[in-house]
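Only one structure is covered here, and it is reproduced in the block below.
Throughout, a chain's letter reflects where its sequence line sits, starting with A, and its residues are numbered from 1. We use all heavy atoms of the structure for the numbers below, so side chains are in, but hydrogens, waters and symmetry mates are not.
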Amino acid sequence: MPKIDHGKALRICETVNRVPVGKVASYGFIADLAGLPGRARMVGSALRQVSAYQDVAWHRIIRADGRLAFARGSDAAHRQTERLREDGVVVVNGRVDLARYHWQPELSELLQMNY
DNA sequence: TTTGTGACCGTAA
DNA sequence: ATTACGGCCACAA
């Protein structure tokens, strides 16, 4: 069972799973959309716990500057890189070009989730 | 109760 | 391009 608030974790996962294949989003951006402004760290800890037993698109979430959150060379970083490439996202030196791949939700989609 | 620690972030040197 | 710092907040010790 998750230690972190189930409601928040659920909202975070729902938001994360909205990121389309071939796109990425930052922890802070997801936090904002999930109604948790300024709590980027919580998105990270939520994903860490939930990804173990739930189906979440955790690999599409990266830092605000385009780098992967995991240390270069770590197993986790390699797994994430591979999954991103399967999505069609180009990753070079543990970094993604945000100008090209950062998710920009449509207005209609933003309104759909009331926050 | 206090303290240290993160899959973070924006700003400023 | 790096490093430092303060904010952020739930959790574990």
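To the nearest angstrom, C1' of C/dC9 lies 17 Å from OH of A/Tyr27. Between A/Arg67 atom CZ and B/dC8 atom P there is a gap of 9 Å when expressed in whole angstrom units. Computed from coordinates, the A/Phe29 CZ to B/dC8 P distance equals 18 Å when rounded to whole Å. Atom CG in A/Asn93 sits about 11 Å away from atom P in C/dA1, given to the nearest Å. To the nearest angstrom, C1' of B/dC8 lies 13 Å from CZ of A/Arg48. In this structure, the CG atom of A/Asp32 is 13 Å from the P atom of C/dC9, given to the nearest Å. Separating the NE2 atom of A/His6 from the P atom of C/dA10 is a distance of 17 Å, rounded to the nearest angstrom. Here C/dC8 presents its P atom at 15 Å from CG of A/Leu36, a figure rounded to the nearest Å.
Proximity of A/Lys8 to the phosphate of C/dC9: no side-chain N or O atom is located under 4.0 Å from OP1 or OP2. Contact between the side-chain N/O atoms of A/Arg41 and the OP1/OP2 oxygens of C/dC8 is not found at any separation under 4.0 Å. For B/dC8, one of the phosphate oxygens OP1 or OP2 lies less than 4.0 angstrom from a side-chain nitrogen or oxygen of A/Arg63.
Note: the hydrophobic cluster containing A/Ile62 does not contain A/Leu47 (ILVMFWY, side chain heavy atoms under 4.5 Å, direct or indirect links). Hydrophobic cluster membership differs between A/Val56 and A/Leu84, with clusters built from Ile, Leu, Val, Met, Phe, Trp and Tyr side chains linked at under 4.5 angstrom.
The residue A/Ser51 sits close to a base: some heavy atom pair falls under 4.0 Å. If you check every strand for non-hydrogen atoms under 4.0 Å, A/Arg39 touches sugar and phosphate atoms only.
The backbone N or O of A/Gly22 sits nowhere less than 3.5 Å from a side-chain atom of A/Arg60 that would complete a donor-acceptor pair.
Of all nucleotides listed (C/dA10, B/dG10, B/dA7), B/dA7 comes nearest to the side chain of A/Trp58.
Spacing between C/dG7 and B/dA7 at atom P, rounded to whole Å, works out to 22 Å.
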| Given A/Glu109 and A/Arg18, is the side chain to side chain contact (heavy atoms under 4.5 Å, CB included) satisfied, shown in steps? | CA-CA 9 Å; A/Glu109 198 167 357; A/Arg18 271 203 172 77; 3.4 Å; yes
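Between A/Arg85 and A/Val91, some side-chain heavy-atom pair lies under the 4.5 Å cut-off.
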